[in-house]
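See below for the structure under consideration.
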Amino acid sequence: MAAPAHANMMQQIIVGKCSQAMQDDFKKAGKTPPAGMVNDTCGCIADGMLKKGQSLDQAKTICVKQTTAKYNP
């Protein structure tokens, strides 16, 4: 029972830190991210790291490519 709670907490931490970093990057660029893009990207990164065993860089590369294609067709 502890494992799912731990994984959920880790997912929340990853998504929170990722979301803040993305918001900061968009703000520095003077842009506003499309609605849902930050959540989709960060959720994907957390899923890749926690469920697929990817490194941060691997997950980030894959997820940014996917969400960029989705939100900027």
Side-chain angles (χ1 to χ4, degrees):
M1 187 154 222
H6 177 74
N8 189 40
M9 185 171 67
M10 290 298 296
Q11 175 135 2
Q12 288 177 349
I13 291 169
I14 293 168
V15 170
K17 293 205 177 281
C18 171
S19 296
Q20 187 61 54
M22 283 187 71
Q23 293 290 355
D24 290 348
D25 287 347
F26 274 102
K27 190 180 283 187
K28 285 178 191 170
K31 297 181 179 181
T32 301
M37 183 179 195
V38 172
N39 284 340
D40 280 356
T41 304
C42 294
C44 176
I45 290 171
D47 184 60
M49 291 176 67
L50 296 173
K51 294 181 182 166
K52 297 176 184 163
Q54 299 167 337
S55 71
L56 173 60
D57 288 337
Q58 289 171 320
K60 185 175 176 183
T61 298
I62 292 165
C63 296
V64 167
K65 187 181 290 186
Q66 287 175 354
T67 55
T68 299
K70 179 179 177 180
Y71 288 93
N72 299 312

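Just so you know, these numbers come straight off a predicted model, no measurement behind them.
Between the side chain of Q58 and the backbone N or O of S55 there is at least one donor-acceptor pair closer than 3.5 Å.
Note that CE of M37 and OG1 of T67 are 4.5 Å apart. Values are rounded to the nearest 0.5 Å. Taken from SG in C18 to NZ in K60, the straight-line distance is 8.0 Å, to the nearest 0.5 Å. Summarising the geometry, atom SG belonging to C42 is positioned 12.5 Å from atom CG belonging to D47; distances are rounded to the nearest 0.5 Å. Put simply, CD1 on I45 and NZ on K52 are 11.5 Å apart, with the number rounded to the nearest 0.5 Å. With values rounded to the nearest 0.5 angstrom, K70 atom NZ is found 10.0 Å from C44 atom SG.
Linking ILVMFWY residues whenever their side-chain heavy atoms come closer than 4.5 Å, directly or via other members, leaves I13 and V15 in distinct clusters.
Taking the side chain as every heavy atom from C-beta outward, M22 and S19 never approach each other to under 4.5 Å. Counting only heavy atoms from C-beta outward, the side chains of Y71 and Q66 never approach each other to under 4.5 Å.
Checked against V64 for a side chain to side chain contact (heavy atoms under 4.5 Å, CB included), the options I62, T68, T61 give a single hit: T68.
The minimum heavy-atom distance between G43 and Q11, with the atom names listed, is O-NE2, 4.2 Å.
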